[in-house]
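These notes concern the structure reproduced below.
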Amino acid sequence: MVAAGRHAPVPPRYLRPDLAADVVVADDATTIPIIDFQRLLLVDPEESARLHAACQDWGFFQLINHGVPDDVMEAMKASIQSFFALPAEAKQQYRQQAGQLEGYGQLFVVSEDQKLDWADVLYLNTQPPEHRNLSFWPAGESFRQTLDTYSAAVKHVADRLLGAMYMNLGLQLSIMDMDPERGAGIQSVRMNYYPPCAEAADKVLGFSPHSDSDLLTLVLQVNQLQGLQIKRPPDGGGAWAWLPVTPLQGAFVVNVGDVLEIFTNGRYRSVEHRALVNAHTERLSIAAFHSPSIHATIGPLPELLGDQEVPKYKTLDHQSFITLFFSAKLQGKSFLERMKKLS
């Protein structure tokens, strides 16, 4: 449809006229926290405190000095741009199959009448290597080797970030020795392509409002085009508002996922976010999702609850948790609400 012409009419199934009523923060001075990864590794008390506050109060931050080499990130960006620039029939070789999450297409489409996102995605299981289905990986050693190197480097960062977070919570887990039942045992990567929408950029969404189902998500912007927005509570009353996030060059935008909110019994919180599209320029991003082992139990950690605190969330096995999350359309934090225990 996009290739057919920049002024082709947008099908009604993509249009969301209610977007006009949304409040968006216009104050450029309001920004999400910035965390220096190298200072965290040195267990700098001020940086650790900043991380703790970011996880409690924001659920989002930008991570600088993370150590992933520039050439690794640039190669990943180039690979994604090359894939989405392929003709439609070439990309369809990797299309999602019925009942599968992996592959090229869209996620969370559960009915014929729901609104669709103005985006294409390539979703792949990346770590550990034995979880990969290479039939969905674009052919050619260049793409596969690039994604293998990139995903391993990002998971290394995520493991250590989670270690620093758990230390902040008083859990005695080494930064260098994460428990796969509670740390980033598995990783998947979603590569996002948001084409321009000249006719109705203000009436479509690249990604519907949602919170992530994982422990921790690390997002790399392929081009420095603003599009991510996070939902913030009102200051002193008024309506909730969407805050645009301006990505820093070379940084990861990191957010807390639902599993980490559940593990911490609400101490750290996942935050609703969405993606907008641009009227004239395509936007691309790479989101790496980090979750516990598929054999993990998802529920508040007993070590944090102690003898007095009441669990706010249900406990269930990880496979059931994933199945529930992907079986419904994206709708804010409605999934996490279903995970809460009845009082």
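When a residue number appears, it is its place in the shown sequence, counting from 1.
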How long is the straight-line distance from NZ of K115 back to CG of D18, given to the nearest 0.5 Å? 8.5 Å
Does E74 reach the main-chain N or O of V72 with its side chain, forming a donor-acceptor pair under 3.5 Å? no
Backbone of N278 reached by a side-chain donor or acceptor of H280 within 3.5 Å: no
Value for CG (L101) from CZ (F136), rounded to nearest 0.5 Å, stands at 9.5 Å
Strictly distance-based, threshold 3.5 Å: is any side-chain N or O of E47 a donor or acceptor partner for the main-chain N or O of D36? yes
M76/Q81 under side chain to side chain contact (heavy atoms under 4.5 Å, CB included): CA gap, chis, key distance, verdict: CA-CA 9 Å; M76 192 70 248; Q81 289 175 310; over 6 Å; no
For the backbone of I186 and the side chain of H290, can you confirm whether one donor and one acceptor N or O come within less than 3.5 Å of each other? no
In terms of heavy-atom contacts, V245 and P247 come closest through O-CD, 3.3 Å
Flag yes if L40 and L42 sit in one hydrophobic cluster, no otherwise; membership is Ile, Leu, Val, Met, Phe, Trp, Tyr, and two members link when side-chain heavy atoms are under 4.5 Å apart. no
Is it true that Y166 and L305 fall in one hydrophobic cluster, defined by side-chain heavy atoms closer than 4.5 Å? no
S48 to N168 - nearest heavy-atom pair and separation: O-ND2, 3.0 Å
Can you tell me how far CG of N265 sits from CG of L304, rounded to the nearest 0.5 angstrom? 8.0 Å
Check the side chains of T126 and Q187 for a donor-acceptor pair under 3.5 angstrom, ignoring hydrogens and angles. yes
For the student: nearest non-hydrogen atoms of D148 and W137, plus distance: N-CZ3, 4.4 Å
same_hphob_cluster(F37, L248) at 4.5 Å side-chain heavy-atom cutoff: no
State whether the number of non-hydrogen atoms from other residues, nucleotides or ligands found under 6.0 Å of D70 atom CG is greater than 12. no
Membership question, hydrophobic clusters at under 4.5 Å side-chain separation (ILVMFWY): are V24 and L228 in the same one? no
Could you walk me through whether S211 and E272 pass side-chain hydrogen bond (donor to acceptor under 3.5 Å, both in side chains), step by step? CA-CA 5 Å; S211 58; E272 192 174 339; over 6 Å; no
Hey, what's the ring geometry for Y14 with W118, parallel, tilted or perpendicular (30° and 60° as the breaks)? perpendicular
Measuring centre to centre across the rings, with the benzene-like ring taken for any Trp, is H273 within less than 6.0 Å of H210? yes
State whether the side chain of R283 and the backbone N or O of L225 hold a donor-acceptor pair below 3.5 Å, judged by distance alone. yes
Let me know which of K231, R274, R16 forms a side-chain hydrogen bond (donor to acceptor under 3.5 Å, both in side chains) with D22. R274
Using 0.5 Å steps for rounding, measure from the CD1 atom of I80 to the CG atom of L122. 6.5 Å
Please assess V219 against V254 for the test side chain to side chain contact (heavy atoms under 4.5 Å, CB included), listing each intermediate value before the final yes or no. CA-CA 6 Å; V219 178; V254 182; over 6 Å; no
Under the criterion side chain to side chain contact (heavy atoms under 4.5 Å, CB included), I'd like the reasoning laid out for L336 against Y313: C-alpha separation, chi angles, the key distance, then a yes or no. CA-CA 9 Å; L336 197 58; Y313 304 95; 4.1 Å; yes
Sub-3.5 Å donor-acceptor pair from the side chain of E261 to the main-chain atoms of S270, do we have one? yes
Closest approach of I298 to P292 (non-hydrogen atoms, all atoms of both residues): CD1-CG, 4.1 Å
Between K203 (side chain) and A20 (backbone), is there a donor-acceptor pair under 3.5 Å? no
Can you give me the closest heavy-atom contact between Y194 and A275, atom names plus distance? OH-CB, 3.7 Å
Do R232 and W58 form a cation-pi contact, if we require the NZ or CZ to be under 6.0 Å from the six-membered ring centre and within 45 degrees of the ring's axis? yes
Using the rule side chain to side chain contact (heavy atoms under 4.5 Å, CB included), only one of M191, Q96, K91, Q93 pairs with Y104; which is it? K91
Indicate whether any N or O donor in one side chain lies under 3.5 Å from an N or O acceptor in the other, for Q226 and T246. yes
Report the C-alpha separation of Q224 and Q249 in whole Å, then their side-chain angles, then the decisive distance to 0.1 Å, and conclude whether the side chain to side chain contact (heavy atoms under 4.5 Å, CB included) test is met. CA-CA 7 Å; Q224 297 301 108; Q249 182 71 39; 3.2 Å; yes
What are the two closest heavy atoms between A139 and Y94, and how far apart are they? N-OH, 3.0 Å
Under the 6.0 Å and 45° cation-pi test, does R190 pair with F207? yes
How about E130: does its CD atom have over 12 heavy atoms from other parts shown lying under 6.0 Å from it? yes
Would you confirm whether D212, through its side chain, and D214, through its main-chain N or O, come within 3.5 Å as a donor-acceptor pair? no
Expected output: side-chain E102 to main-chain N125 donor-acceptor under 3.5 Å: yes
Stepwise, does the side-chain hydrogen bond (donor to acceptor under 3.5 Å, both in side chains) test hold for S213 with D258? CA-CA 5 Å; S213 67; D258 293 344; 6.0 Å; no
Might you work through the salt bridge (Lys or Arg N to Asp or Glu O under 4.0 Å) test for E309 and R267, ending with a clear yes or no? CA-CA 12 Å; E309 188 173 345; R267 289 171 174 80; 2.5 Å; yes
Check: N65 main-chain N/O paired with Q38 side-chain donor or acceptor under 3.5 Å: yes
Count I, L, V, M, F, W, Y as connected when their side-chain heavy atoms are under 4.5 Å apart, and connections chain through other members. Are V256 and W242 then in the same cluster? no
